[in-house]
**Student:** 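One structure, as structure tokens, below. Some questions next.
By convention here, the first residue in the shown sequence is residue 1.
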Amino acid sequence: MFFLLVALVYASLLCSFPMDGLADRDNYLDMARVSPLIIARHAGSGLQSLIANEPVWLAINSALGFLFEDEVVVRIIIFFSAFIVSYLLLINNPKNFFWLLLILVFPQVMKNFVIHLRQGLAIAVFMLGWFSSGNKKRVFFIGLTPFIHSSFFIIIAILLGNWLLKKLRAAPDFKLLLYFTASLSLALLVTQVAALIGARQANTTAVTEGATSGVGFLFWGAMLIILLLQGRQFIHKYSVAIGILIFYLASYFFTPIAGRVFESGVLLVLLAVLATTGWRRIMALTVLLAFNMALMLMQYSQPLMGFAAS
């Protein structure tokens, strides 16, 4: 009941944010009205175009838009996403309650519920699958996620790759090399693949040209080293989280989609960080706290907690 109350308070606070002035908020307010038209347009372009352009997200907005006003639809989506994620994290990791509370207010996590509503909803559905006890439920919920936010096509590819490598009993060193090679290939080909299937991201996933600062690369690179120092058994257990982290680092300087994919899987990475032990845990949590406290001080001191439209 305590975790339920905390999750309810967290979700209520986030869905009470103002409707005006936030980045992308106008687009999401319009989504309840225009989603049926977008579905019709993609359907007219063929089944491939419909599947590649997040039909479940559009269907949810269409259904909610039929029942509620635009503003209510946005608040429902924010509340549902924030509540599901916070409750599942807390109830499945009660010993890390303090750290999970901090993680839930980290800018990189919270903005998915407040700003990137499509991605936040997909993360919530993914977590429903991740923490499901039955394989059928897990496959169902995780299988829905790329049709809510397309970044989960890559997350699912990492999951499938990890499952296959476990079946083959591949050595951890070989896994890491394969993850890096596959990640670099995906980063270089993602624009062409998006254009080929008619996805909306085709025009927004171009190769990055000097737009990255490198700070995130250094920070998460240090985190990867700490995770790898935990040993072979840890790498085997948290290979999905490590695979997501490797994808992010391998594609960091090549495509902006790296950041969006990483945000979709960052909670798995953070759960792996919380599972470290000994001096590695102390080092990882100290660096994690310092990095995110700096981000929070910079972002949350701004109007609308730094989520204002530019």
**Student:** What I'd like to find out is whether the side chain of F131 reaches to under 4.5 Å of the side chain of M127, using heavy atoms alone.
**Tutor:** yes
**Student:** Distance-only, no hydrogens or angles: does the E54 side chain make a donor-acceptor pair with backbone N or O of S150 under 3.5 Å?
**Tutor:** yes
**Student:** Quick check on side chain to side chain contact (heavy atoms under 4.5 Å, CB included): which of N92, L271, L270 does L100 satisfy it with?
**Tutor:** L271
**Student:** Do L164 and L160 come close enough that some side-chain heavy atom pair is under 4.5 Å?
**Tutor:** no
**Student:** Determine whether a donor-acceptor pair (N or O, by modelled atom type, separation under 3.5 Å) exists between the side chain of Y10 and the backbone of S86.
**Tutor:** no
**Student:** Working to the nearest 0.5 angstrom, can you tell me the gap between W99 CH2 and L285 CG?
**Tutor:** 4.5 Å
**Student:** Stepwise, does the side-chain contact (heavy atoms from CB on, under 4.5 Å) test hold for F247 with I155?
**Tutor:** CA-CA 10 Å; F247 173 83; I155 298 292; over 6 Å; no
**Student:** What verdict does the ring-ring contact (aromatic ring centres under 6.0 Å, His included) test give for F126 and F152, after you've listed the backbone C-alpha separation in whole Å, the side-chain angles of each residue and the deciding distance to 0.1 Å?
**Tutor:** CA-CA 9 Å; F126 179 85; F152 279 91; 5.4 Å; yes
**Student:** Give the intermediate values and the outcome of side-chain contact (heavy atoms from CB on, under 4.5 Å) for residues I103 and F106.
**Tutor:** CA-CA 5 Å; I103 285 171; F106 285 167; 3.7 Å; yes
**Student:** In Å and rounded to the nearest 0.5 Å, what is the CD1 to OH distance from I91 to Y87?
**Tutor:** 3.0 Å
**Student:** Using modelled atom types and a 3.5 Å cut-off, is there a donor and acceptor pairing between side-chain atoms of T276 and backbone atoms of V273?
**Tutor:** yes
**Student:** Checking I84 against V125 for the side-chain contact (heavy atoms from CB on, under 4.5 Å) test, could you report, in this order, the C-alpha distance in whole Å, the side-chain angles of both residues, the deciding distance, and whether it holds?
**Tutor:** CA-CA 8 Å; I84 291 296; V125 174; over 6 Å; no
**Student:** Do S264 side-chain atoms and R260 backbone N/O form a donor-acceptor pair below 3.5 Å?
**Tutor:** yes
**Student:** For the residue pair Y252 and W220, is the inter-centroid distance of their aromatic rings smaller than 6.0 Å?
**Tutor:** no
**Student:** Begin from the C-alpha positions of F97 and F2 and carry the test ring-ring contact (aromatic ring centres under 6.0 Å, His included) through to its verdict.
**Tutor:** CA-CA 11 Å; F97 175 75; F2 175 69; 5.4 Å; yes
**Student:** In Å and rounded to the nearest 0.5 Å, what is the CE to CD1 distance from M283 to I225?
**Tutor:** 10.5 Å
**Student:** Any sub-3.5 Å donor-acceptor pair from R118's side-chain atoms to H149's backbone N or O?
**Tutor:** no
**Student:** Donor-acceptor pair, distance only, cut-off 3.5 Å: does the side chain of N162 make one with the backbone of I158?
**Tutor:** no
**Student:** Hey, does the side chain of R280 reach the backbone of I226 with a donor-acceptor pair shorter than 3.5 angstrom?
**Tutor:** no
**Student:** Taking the side chain as every heavy atom from C-beta outward, state whether W57 and I77 have any pair of such atoms under 4.5 Å apart.
**Tutor:** yes
**Student:** Counting C-beta onward and ignoring hydrogens, is there a side-chain heavy-atom pair between F147 and F153 closer than 4.5 Å?
**Tutor:** yes
**Student:** Does L227 reach the side chain of Y238, with side-chain heavy atoms less than 4.5 Å apart?
**Tutor:** no
**Student:** Are V9 and L89 connected in a single hydrophobic cluster, I mean Ile/Leu/Val/Met/Phe/Trp/Tyr linked by side-chain heavy atoms less than 4.5 Å apart?
**Tutor:** no
**Student:** Look at the side chain of E71 and the backbone N and O of L29, then say whether any donor-acceptor pair between them is shorter than 3.5 Å.
**Tutor:** no
**Student:** Just verifying a value: how many Å separate L117 CG and S81 OG, rounded to the nearest 0.5 Å?
**Tutor:** 7.0 Å
**Student:** Does the R33 side chain pair with the main chain of S62, one donor and one acceptor, at a distance under 3.5 Å?
**Tutor:** no
**Student:** Does V114 offer a backbone N or O that forms a donor-acceptor pair with the side chain of R25 under 3.5 Å?
**Tutor:** yes
